[in-house]
Novice: 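Could you have a look at this structure, given as structure tokens, before my questions?
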Amino acid sequence: MSSEDRGPYYVVLGGKKAGIYEQSRPSNTALGAAKALVPIVVICSNREDAEAIFTLQEKIFKITLPDDAHTMVYLLQRPPATTLDLEVKNPIYAVRVGRETGVYIGYEWRDVWRFIEGGKGIKPAFEGCQTVAEALIAMLKKPGANLPLLPAGAAYPAPPPRPTRQLRFDLPPSAEQEQETAPPTASSATSPTTSAAPPPVRSPTLSTAPRSPSPVKRTAASTPSMDTATNMQELSAAFREILRADPMEPLRRLLRPPPSMGGPVNPRLPAVVFGPEADDILVRSGAGPGELLTLLQVRVHARTVESFTHHIGLMLGWTTRDAARMWEIIRLPEF
């Protein structure tokens, strides 16, 4: 690159080295035939363009999984990626495989080529592009990427929901549970006022033996009795009465307020109230907002444990045992 050029500036998108670097590329970053999708290095000649390009880190690369090319490409087809206003707009070259890979903006091909050739045993892969978004998409088209096959020029559709990891019910007890289940001290054991031992605290750990649904529940679910129908009518009437009084009240009981409105200080506590035992497991398992919404949707509409476990398995990838356990411990607010 010629000496009169300002910069160069190296914009690193994705990965642990994301940032803007002046004059030199971070060491051992996106070299040769790197198989990882990120980081991607964008090389430009001025600070203003570097800062504009780096806005894509927060909008796209920071919020997607590092192996999810489909989601990255889908977002790169839309603003802000497609509306970047750069001072230097072309030429643009995407070097997917080469001695120093990356998106080169504003440099002539003769200057770019010397950063491509010379890699031992590397067959360069590169292409010219019209926009930065197009070049970044070209960088993501690597072997093994989760991109659907499409006709030339077709836009990539929205990616399907990715399978989520299973919840862990064999988590270690929380600090509160350890304190509650701790053995009595010597002073308390010899105290004359010591009463019978309290019942043991129920542990969230699943039993290794398969649990079978209660036969009473199965009968009630399959053949509702007249009493059940009457109770459902009374419940519906009571619910309608609540709605007439304050339509938002059921939602207030179901959703926790945010901390700024007097809600729980713990930011990991689920926004939906699933009951103390279910909330504890969901917090310590790291369940995301999407999982919580799906869990609520299925629990509200499933009439039986069989229906619940079937749909949770389809949508979240949980095992039947985990879904059945969650069915048992969920305690939605009563209205």
Novice: Output all residues satisfying side-chain contact (heavy atoms from CB on, under 4.5 Å) with S27, sequence neighbours left out; order by chain, then residue number.
Specialist: K17
Novice: List in chain and number order the residues that pass side-chain hydrogen bond (donor to acceptor under 3.5 Å, both in side chains) with Q297, two or more places apart in sequence or in another chain; answer none if no residue qualifies.
Specialist: none
Novice: Under the salt bridge (charged side-chain N to carboxylate O under 4.0 Å, His left out) definition, can you give me all pairs with a residue in residues 74-86, not counting sequence neighbours?
Specialist: D85-K89
Novice: Any heavy-atom pair between the side chains of T101 and V41 that's under 4.5 Å?
Specialist: no
Novice: Can you pull out every ring-ring contact (aromatic ring centres under 6.0 Å, His included) where at least one residue sits in residues 72-103? Sequence neighbours excluded, please.
Specialist: Y93-W109
Novice: Only pairs at least two apart or in different chains count here, so list each ring-ring contact (aromatic ring centres under 6.0 Å, His included) that has a residue in residues 293-312.
Specialist: F308-W327
Novice: Less than 4.0 Å between a side-chain N and a carboxylate O, is that true for E127 and R96?
Specialist: yes
Novice: Start with the C-alpha gap between Y104 and I92, add the side-chain angles, then the distance that decides, and say whether side chain to side chain contact (heavy atoms under 4.5 Å, CB included) holds.
Specialist: CA-CA 6 Å; Y104 292 80; I92 299 176; over 6 Å; no
Novice: Checking A36 now: which residues fulfil side-chain contact (heavy atoms from CB on, under 4.5 Å) with it, not counting sequence neighbours?
Specialist: none
Novice: Only counting residues at least two apart or in another chain, list the ones meeting salt bridge (Lys or Arg N to Asp or Glu O under 4.0 Å) with E22.
Specialist: none
Novice: Taking salt bridge (Lys or Arg N to Asp or Glu O under 4.0 Å) as the definition, give me every residue that meets it alongside E100, ordered by chain and number, with sequence neighbours left out.
Specialist: R25
Novice: Give every residue pair that meets the salt bridge (charged side-chain N to carboxylate O under 4.0 Å, His left out) criterion with at least one member in residues 27-46, sequence neighbours excluded.
Specialist: none
Novice: For R299, enumerate each residue passing the salt bridge (Lys or Arg N to Asp or Glu O under 4.0 Å) test, keeping only those at least two apart in sequence or located in another chain.
Specialist: none
Novice: The criterion is side-chain contact (heavy atoms from CB on, under 4.5 Å); which residues satisfy it with P66, sequence neighbours excluded?
Specialist: V38
Novice: Applying side-chain contact (heavy atoms from CB on, under 4.5 Å), can you list everything that pairs with K62, at least two apart in sequence or on another chain?
Specialist: Q57, E58
